[in-house]
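Notes to accompany the following structure.
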Amino acid sequence: MVDCCSAPGLMPMNQAKETLLASIQPINDSEIITLSECDGRICAADIVSPINVPAHNNSAMDGYALCADFSQQAEIVKGTKFKLVGTAMAGQPYSGELLPGQCIRIMTGAVVPTSANTVEMQENITVSGNNVTTNQALKIARHIRLAGEDIASGGPVFSAGHKFTSIDIGLLASLGVNAINVWRKPVIAVFSTGDELKTANETLTLGDIYESNRHVLIAMLKRLHVDVIDLGIIADNKDKIREAFLTANAKADAVVSSGGVSVGDADYTKEILEELGNIAFWKIAMKPGKPFAFGKLDNSVFFGLPGNPVSATVTFHQLAVPAIKKMSGQAIAPSLQLKAKTTDNIKKRSGRMDFQRGLAFTQNNELTVTPLTHQGSGVLSSMSQANCYIILPQAHNGCLAGETVTIELFDHIIG
Ligand code: AMP
Ligand code: MG
């Protein structure tokens with residue numbers, strides 16, 4: 001039993017992550033897509049604004065745009081009279097020239113005439129025929145949204161590496177941009193290995209289980225906006241495994257398999273990989289998920305996940321997802337870790353970094369976390385009830401209820 005933080009033979013989690021990320025090359029092909037296709041895609045070239053946003057000075061209120069004389073005073077007393085000479089609506093500007101002492105009725109978003117120097121809201125104005133009287137002192141440049149105040153023409157909008165969100169699509173639409181240069185999606189091939197694995201339409205015989213890892217992984221990959229090739233379940237048969245790897249390598253930028261990477265496995269994954277590529281079999285000081293294989297086939301990179309469903313999910317999420325993000329050209333944001341008070345004692349032996357599953361919530365204005373009861377690496381149901389990882393460093397020895405622990409909320413890839 002390994003019980004020391006320098007766990008001999010185990011690679012620290014951060015070292016595994018750094019080694020893996022350092023050997024990933026971002027995909028270098030880009031393509032032009034339309035706005036409606038760009039949700040979740042990665043920007044391949046910096047975007048600058050082709051226009052000012054807003055394009056013109058416009059009114060922030062329904063009211064009156066006035067051409068007042070501020071040359072001698074910062075405020076113009078209430079009761080000042082103006083001549084009403086026209087109207088400006090959004091999309092229908094006032095076409096005349098606004099002269100000193102004149103005003104127009106103006107609606108929110110309508111162009112403010114060049115000579116108007118302030119907008120007063122309608123509540124502060126009395127109108128009688130063509131005569132407009134102010135009910136309170138006027139101040140200069142009120143309620144005018146200035147051209148370019150949101151984004152200036154030629155100003156930076158998005159940098160290469162940015163992942164487009166739904167809001168970004170709105171922003172691009174508001175700039176009149178419809179053709180966007182993005183990195184090509186990586187192609188990821190996925191398969192599961194194991195003679196015991198069956199699909200939903202098959203009958204289980206003694207020792208069989210319904211296969212789940214591939215389904216979890218494909219769902220996560222879809223949220224990463226990559227193209228997925230599902231190669232199904234591959235039996236523990238040397239020729240079939242070789243064939244699966246050759247097919248995957250020919251078609252994909254990355255290959256993800258689960259099962260068959262533990263020491264003492266009865267299957268042939270390790271043997272075939274040693275024949276086909278340059279693969280390292282790591283024992284990572286993390287729990288769940290100690291065995292993990294990573295390396296290069298001749299056309300792709302390979303992630304070999306442990307078979308246990310929670311181990312497969314956590315290692316994929318913590319190690320392979322950042323690597324796939326890098327491959328996609330995405331700028332990698334630092335992870336957001338928070339401090340929470342645990343409601344229960346947490347058991348842990350030092351030696352591995354734990355990613356326990358927890359349920360975080362706010363109680364008495366304090367971020368609080370309850371570790372889920374079943375932390376076994378095969379217990380997917382507890383992971384399904386969780387909304388965060390409780391991350392306990394390698395040397396951590398467990399703690400008591402009421403102590404503070406580090407948590408990482410599940411992101412949109414697994415949440
Ligand atoms: P292995 O890493 O192949 O030794 O598998 C470890 C455990 O995970 C075994 O109990 C397997 O039956 C289980 N397992 C392996 N692959 C899958 C899978 N794709 N879905 C669900 N369980 C799996
Ligand atoms: Mg197996």
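None of the values given here were measured: they were computed from a predicted structure. Side-chain atoms are counted along with the backbone in the values below, which use heavy atoms only and exclude waters and symmetry mates. Remember, it's 1-based here, ligands and their atoms both numbered in the order they're listed.
- Ligand 1 has at least one atom lying under 4.0 Å from a heavy atom of Gly260.
- Taking the ring axis of Tyr64 as reference, the NZ or CZ atom of Arg105 stays within 45° of it and closer than 6.0 Å to the ring centre.
- Close N/O approach between Glu211 and ligand 1 is found [any backbone or side-chain N/O within under 3.5 Å].
- Counting atoms of ligand 1 from 1 in the listed order, those under 4.0 Å from a heavy atom of Ile209 are 12 (O), 21 (C), 22 (N), 23 (C).
- Atom numbering of ligand 1 starts at 1 in the shown order; those under 4.0 Å from a heavy atom of Ser192 are 19 (N).
- Contacts with ligand 1 closer than 4.0 Å are made by side-chain heavy atoms of Leu197 only, the backbone lying farther away.
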Decide salt bridge (charged side-chain N to carboxylate O under 4.0 Å, His left out) for Glu366 and Lys341; before the verdict, give the C-alpha distance in whole Å, the side-chain angles of both, and the deciding distance to 0.1 Å.
CA-CA 8 Å; Glu366 195 171 22; Lys341 189 167 95 174; 3.3 Å; yes

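- Between Phe245 and Phe302, the gap from one ring centroid to the other is short of 6.0 Å.
- Within the listing of ligand 1, atoms 19 (N) sit less than 4.0 angstrom from a heavy atom of Ser258.
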Output, in order, the C-alpha distance, side-chain angles, deciding distance and verdict of side chain to side chain donor-acceptor pair (under 3.5 Å) for Thr199 and Asn201.
CA-CA 6 Å; Thr199 56; Asn201 53 7; 2.8 Å; yes

With salt bridge (charged side-chain N to carboxylate O under 4.0 Å, His left out) as the test, would you mind laying out the steps for Glu271 and Lys238 before giving the verdict?
CA-CA 9 Å; Glu271 205 180 315; Lys238 201 168 171 174; 2.5 Å; yes

Taking it one step at a time, do Lys78 and Glu120 satisfy salt bridge (charged side-chain N to carboxylate O under 4.0 Å, His left out)?
CA-CA 12 Å; Lys78 74 173 184 181; Glu120 188 51 86; over 6 Å; no

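- For a threshold of 3.5 Å applied to N or O pairs, the pair formed by Gly307 and ligand 1 contains at least one separation below that value.
- If you look at Arg214 next to ligand 1, there are no close heavy atoms at all, none under 4.0 Å.
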